[in-house]
Number of protein chains: 2
Amino acid sequence: MDKEALFQQFVTFTTSVHEVTFEMTKDVKPEDITPLQYSILEYLAVSQPVTLSQISECKHISMPNTSREIKKLTDKQLCEKFEVPDDRRKQFIRLSESGQAMMNKAFEQIGARFLERIKDVSAEELEDIQHAINILQSKVFHGSK
Amino acid sequence: MDKEALFQQFVTFTTSVHEVTFEMTKDVKPEDITPLQYSILEYLAVSQPVTLSQISECKHISMPNTSREIKKLTDKQLCEKFEVPDDRRKQFIRLSESGQAMMNKAFEQIGARFLERIKDVSAEELEDIQHAINILQSKVFHGSK
DNA sequence: TCCATTACTTATCATATGATAAGTAAAAGG
DNA sequence: CCTTTTACTTATCATATGATAAGTAATGGA
């Protein structure tokens with residue numbers, strides 16, 4: 001088994017994944033949201049509630065910058081802070097109602113594009129795809145810790 | 001077959017791919033190269049020679065900005081322009097010798113990290129991985145045109 | 001031959017993002 | 001308690017990147 005060849009495949013594959021996700025997510029962000037802000041909202045949609053520190057660590061944004069962006073998003077009424085029960089230093093962040101609505105809409109659009117993309121795929125092939133994703137997720141694209 | 005569930009899997013999978021590629025490529029760019037410049041160099045490494053228009057289109061950078069970045073990279077001696085035989089308006093771009101060397105080094109580092117990542121994977125599993133990549137590449141992550 | 005189009009450049013300008021320093025308040029640990 | 005650490009904020013500053021307008025030169029088509 002040639003690991004070098006597999007690496008080549010890996011590179012072109014990840015490039016394809018980036019291109020396709022770019023195509024699928026472009027234009028789903030409302031006007032006044034920056035890319036960074038959108039990526040935070042996306043993270044919130046999946047992982048809320050989270051603390052500022054968690055956002056900072058997971059999205060690789062420094063604490064001051066995270067604080068700034070969350071402030072902007074809060075000003076735009078897209079997310080809200082609330083206290084963490086046992087530690088008054090911490091702040092939980094979650095999507096506000098309108099933030100949630102916005103992200104639902106975005107995911108709907110992406111979902112529609114995804115369905116369009118796999119519309120000609122047979123039922124067995126869908127099984128294959130599911131299986132392939134599971135393989136890659138567990139064997140290659142897993143967290144390293 | 002539940003396509004909604006598959007979409008969920010798709011989302012978490014692409015997130016994983018982004019995280020893993022981020023981990024694998026971080027710190028491989030030399031000091032004075034910006035992320036955008038690195039991504040152009042990466043593209044050059046794989047597709048050279050290409051015209052400015054091709055870079056502009058593939059990397060989604062406007063022509064003026066592409067021109068500017070290529071100028072910076074040329075100033076840094078990392079790539080070079082040369083004429084296209086039949087059309088004197090066009091310019092081919094390719095990596096210079098030192099640019100090539102830089103990218104070889106970067107890819108070596110990434111390759112090493114990739115090997116580290118799959119070091120405990122058996123020969124059969126490698127086959128499975130290869131197969132899984134082929135499936136996804138052809139059925140899901142292909143160009144749409 | 002003339003006009004429209006293409007390929008690229010140059011010059012600004014605005015802004016998103018990254019980095020750093022300094023401050024506050026709560027918690028944790030001796 | 002007192003000190004240190006954690007979690008976050010505020011305030012700058014620098015810079016990478018995006019957007020736009022205007023210009024040049026070559027090409028291609030009528």
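Order of the sequence lines fixes the chain letters, A, B, ..., with proteins taken first and strands second; residue numbering starts at 1 for each chain.
- When the nucleotides C:dC8, C:dA26, D:dT9 are ranked by their closest atom to the side chain of A:Ser67, D:dT9 comes out on top.
- Nucleic acid contact class of A:Thr51 (heavy atoms, under 4.0 Å, all strands): sugar-phosphate only.
- Taking atom CD1 of B:Ile70 as the reference point, atom C1' of D:dA16 lies 16 Å away to the nearest angstrom.
- For the pair B:Lys71 NZ and D:dT17 P, the interatomic distance rounds to 17 Å; values are reported in whole Å.
- Side-chain nitrogen and oxygen atoms of A:Thr34 include at least one within less than 4.0 Å of the OP1 or OP2 phosphate oxygen of C:dT17.
- Candidate nucleotides C:dA19, C:dA16, D:dG18 were compared by shortest atom distance to the side chain of B:Leu36, and D:dG18 ranks first.
- Phosphate proximity of D:dT9 to A:Lys81: present, with a side-chain N or O under 4.0 Å from OP1 or OP2.
- Using a 4.0 Å heavy-atom distance criterion, B:Pro64 is classed as a base contact.
- Straight-line distance from the CD atom of B:Glu69 to the C1' atom of C:dT9: 14 Å, rounded to whole Å.
- A salt bridge links B:Glu116 with B:Lys119; the closest basic N to acidic carboxylate O contact falls under 4.0 Å.
- Here C:dT17 presents its P atom at 10 Å from CG of A:Leu73, a figure rounded to the nearest Å.
- For A:Asn65 and D:dT9, the CG to P distance is 12 Å, given to the nearest whole Å.
- Between A:Phe141 and B:Phe13, the ring planes lie perpendicular to each other; the angle is over 60°, past the 30° to 60° tilted range.
- Per the geometry, NZ belonging to A:Lys59 stands 14 Å off C1' belonging to C:dT17, to the nearest Å.
- Judged by distance alone, the side chains of B:Gln37 and B:Lys76 do bring a donor and an acceptor atom under 3.5 Å apart.
- For B:Arg89, counting side-chain heavy atoms from C-beta on, the closest listed nucleotide (D:dT27, C:dT9, C:dA26) is D:dT27.
- The base of D:dA26 does not come close enough to the side chain of B:Asp87 for any donor and acceptor atom to sit less than 3.5 Å apart.
- A salt bridge links A:Glu80 with A:Arg94: the closest approach of a Lys/Arg side-chain nitrogen to an acidic carboxylate oxygen falls below 4.0 angstrom.
- The side chain of B:Met63 has C:dA7 as its nearest neighbour among C:dA7, D:dC8, C:dT17.
- Residues B:Glu108 and B:Lys105 are not paired through a salt bridge, judged by the lack of any N-O separation under 4.0 Å between the basic side chain and the carboxylate.
- The side chain of B:Gln91 sits closest to C:dC8 out of D:dA16, C:dC8, C:dT10.
- When distances run from any side-chain atom of B:Ser53 to the nucleotides C:dC8, D:dA7, C:dT17, the shortest one goes to C:dC8.
- Comparing A:His60 and A:Asp86, the nucleotide of DNA chain C nearest to each residue sits closer to the 5' end for A:His60.
- Comparing atom distances between the B:Arg88 side chain and each of C:dC8, D:dA19, D:dT27 picks out D:dT27 as nearest.
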